[in-house]
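For reference, the structure discussed in these notes is given below.
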There are 2 protein chains.
Amino acid sequence: MRDVSEAAGVSTMTVSRVLKEPSIVSEATRERVMRAVEELGYVPDFSASSLSSRKTNFVGLILPTLTNSNFADTAQALADALGQSYQLLIGYTLYQASEEERLVRSLLARRPDALAIAGSEHTRGTWYMLRRANIPIVEIWDTPNDPLDHAVGFSNFAAGRAAAEHFIARGHHRIAALGSAVEEDVADHRGEARLRGFSAALCEHDVATNLIRRVGRAPVSFDHGARALAGLLDRNPDVEAVFAVSDVSAFGALMECRRRGIAVPDCISIMGFGDFEIGRQCEPAISTIHVDARSIGVQSGELIRDLLAGEGATTDRRIEDVGVSVIDRVTTR
Amino acid sequence: MRDVSEAAGVSTMTVSRVLKEPSIVSEATRERVMRAVEELGYVPDFSASSLSSRKTNFVGLILPTLTNSNFADTAQALADALGQSYQLLIGYTLYQASEEERLVRSLLARRPDALAIAGSEHTRGTWYMLRRANIPIVEIWDTPNDPLDHAVGFSNFAAGRAAAEHFIARGHHRIAALGSAVEEDVADHRGEARLRGFSAALCEHDVATNLIRRVGRAPVSFDHGARALAGLLDRNPDVEAVFAVSDVSAFGALMECRRRGIAVPDCISIMGFGDFEIGRQCEPAISTIHVDARSIGVQSGELIRDLLAGEGATTDRRIEDVGVSVIDRVTTR
DNA sequence: CTGAAAGCGCTTACAG
DNA sequence: CTGAAAGCGCTTACAG
């Protein structure tokens with residue numbers, strides 16, 4: 001910047017103004033400065049700018065994994081909604097609480113202007129750091145009972161309940177569900193909430209809940225669905241309906257049925273979750289619960305922008321529920 | 001930091017040392033400082049640190065899209081290989097050259113210590129900025145003819161050639177390929193290179209290349225494959241073999257065959273690219289060309305770490321080819 | 001519309 | 001093993 005100001009024969013303050021608020025600089029000066037910028041190929045140093053303006057234009061984003069198209073959609077939508085002036089700082093936890101805590105610490109050291117974080121279950125340490133950070137925090141992909149700050153998501157419990165009610169309304173009795181195990185450090189809390197909602201609905205209708213299986217480590221995979229269903233069928237060949245906590249798993253289960261020559265949905269109904277493109281495209285198309293992942297990104301992005309533009313009017317806590325909807329396709333009857 | 005140093009009764013220099021190189025501080029002092037850090041919940045400010053040490057510990061990563069599990073794998077593997085001390089700054093271009101240029105500019109303003117960027121075709125402006133940036137640049141997912149700096153990838157041309165040779169060896173004659181269109185600003189250069197390799201191999205074996213279709217905008221989708229194949233079949237119902245530039249597209253094509261009652265591979269052989277999990281899990285499993293996306297991430301991460309640890313010995317340009325391999329599954333005969 | 005001074009929170013490079 | 005001084009490259013808050 002020094003080089004540019006010398007080349008243009010102005011102070012560094014003027015260069016700074018030309019770059020940030022060109023309108024308040026006279027046209028002649030502005031052009032002289034711009035020419036120097038071009039010639040020298042000058043790229044401003046944002047970390048210096050951040051330090052002195054106390055704004056980094058970073059927004060932190062913590063997700064369980066990037067290799068899940070719904071989370072990737074949220075990330076992309078959030079980036080789009082924030083616009084070009086913000087840079088996303090993405091971290092993924094692989095569903096590990098310890099990793100989440102480490103990530104939060106290292107992201108906060110970069111002093112993001114705001115942070116979006118998947119889920120509402122955090123370790124004590126994570127919770128404490130987030131509260132102290134003194135920036136807007138948005139919990140996404142769930143509707144917390146006791147939000148840390150703002151939230152944009154939906155009720156995973158309600159989503160699980162909806163799946164169970166769908167099966168019950170179709171007259172099924174031997175109803176199963178497939179999810180991942182909850183371990184000390186590794187847990188898919190949202191998938192687990194769906195299973196709990198599912199279980200609660202079965203109880204209310206006096207349907208047995210003993211076919212709800214929690215196997216393997218999060219995140220679930222195609223293979224998870226195949227194996228989990230195989231394990232289920234070996235013990236309970238008479239299951240009528242299966243809910244999987246993710247379409248990825250549901251697709252694996254569907255392929256396992258095909259390998260075993262079990263007709264879907266004639267012998268077994270399958271419902272997934274997440275409305276991934278694979279479930280829409282495969283044959284037979286998988287019934288699922290749709291979540292608007294892009295909408296979560298867009299709404300949290302807009303919320304963050306409002307909060308950072310902040311006239312003080314928008315300081316009250318905001319909780320947005322984007323809802324879910326059951327999509328009845330071919331794998332359920 | 002000032003607060004911590006006052007609470008512990010030492011200079012800020014000592015606090016800085018405790019945090020960066022604890023071993024050179026006496027144990028008594030170190031403990032006093034650590035206690036103050038804990039009590040105050042102090043989180044160091046990395047942007048100040050970056051400014052004064054001239055190291056940001058950022059690594060930039062530019063990819064076409066995050067919603068592609070191979071690129072997401074590369075991103076995750078790169079993050080893992082770099083380790084906890086580096087933070088990835090991810091941007092995605094959606095295959096747009098103009099967006100790439102904008103992204104490069106805004107990432108460079110964050111002064112990353114190194115940058116990994118997908119592909120080897122860049123605008124003049126992008127190329128110039130990257131050269132001037134004076135940091136290690138790694139072009140990934142391709143083997144450039146004229147590398148900017150380092151590269152870790154494979155030859156997309158060779159991958160396309162391999163697909164064509166596979167079909168030719170099986171005695172096919174009416175051989176097609178499906179890719180996306182190359183527009184002014186939007187282009188999948190790597191997919192296009194695969195089509196060119198494919199075309200070159202057909203020419204060498206005197207097979208007609210008129211069934212190579214470039215339709216729609218990158219990135220390809222399930223729907224792209226379905227439509228592109230439908231368009232092809234409407235005009236050339238006698239095609240024997242189809243190569244799609246991505247498994248995603250190949251899967252769409254496979255579903256289109258099923259809808260039309262065309263037996264695969266008996267009537268049409270299908271080969272994809274990328275070895276996505278969907279092709280492995282679906283029925284029939286899709287033959288494909290495997291690329292080790294994680295390996296690209298790991299190798300570029302290790303290269304970057306070496307370069308930044310840099311004893312000067314590792315300063316020569318490095319070009320790594322991770323190769324590809326044809327996986328012959330069920331959709332080809 | 002433009003500039004001189006001070007400072008953001010750290011680290012480098014010394015000195016002791 | 002510890003500290004005082006100077007400075008990283010910008011912006012804030014003034015003054016003119």
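What you see below is based on every heavy atom in this structure, not just the backbone, and it leaves out hydrogens, waters and symmetry mates. Sequence lines set the chain letters: A, B, ... in the order given, protein chains first and strands last, and positions in each chain run from 1.
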Is it true that B/E39 and B/R35 have a side-chain N and a carboxylate O under 4.0 angstrom from each other? no
May I ask you to decide if A/S85's main-chain N or O and A/N57's side chain share a donor-acceptor pair within less than 3.5 Å? yes
Test: B/R102 and B/E99 ion pair at under 4.0 Å: yes
For A/V15 and B/T14, take the nucleotide of DNA chain D holding the closest heavy atom to each; which residue's nucleotide lies nearer the 5' end? B/T14
Between B/V10 and B/A48, which residue's closest nucleotide on DNA chain D lies nearer the 5′ terminus? B/V10
Are the side chains of A/R217 and A/E183 in contact, using a 4.5 Å heavy-atom criterion? yes
Between which nucleotides of DNA chain D, read 5' to 3', does contact with chain B run, using atoms under 4.0 Å from its heavy atoms? D/dC1 to D/dG9
Within the 4.0 Å heavy-atom criterion, would you say B/S47 contacts the bases, only the backbone, or no part of the nucleic acid? nothing
Would you list the atom pairs, donor with acceptor, under 3.5 Å between side chains in residues 17-25 of chain B and any protein atom, with sequence neighbours excluded?
none

In plain terms, say whether A/D80 and A/R294 are close enough for a salt bridge, that is, a side-chain N and a carboxylate O under 4.0 Å apart. yes
Answer yes or no: is there an ion pair linking A/D45 with B/R110, defined by an N-O contact shorter than 4.0 Å? no
Touch check for B/R17, heavy atoms < 4.0 angstrom, all strands: base, sugar-phosphate only, or nothing? base
For DNA chain D, what is the dot-bracket line, given that a base pair needs Watson-Crick (N1 to N3, plus N6-O4 or O6-N4) or G-U wobble (N1-O2 and O6-N3) geometry with both distances under 3.5 Å, and | means paired with another strand? |||.||||||||.|||
Give A/T29 one of three labels, base, sugar-phosphate or nothing, depending on what nucleic acid heavy atoms sit under 4.0 Å from its own. sugar-phosphate
Please check if the distance between the ring centroids of B/F58 and A/F58 is under 6.0 Å. yes
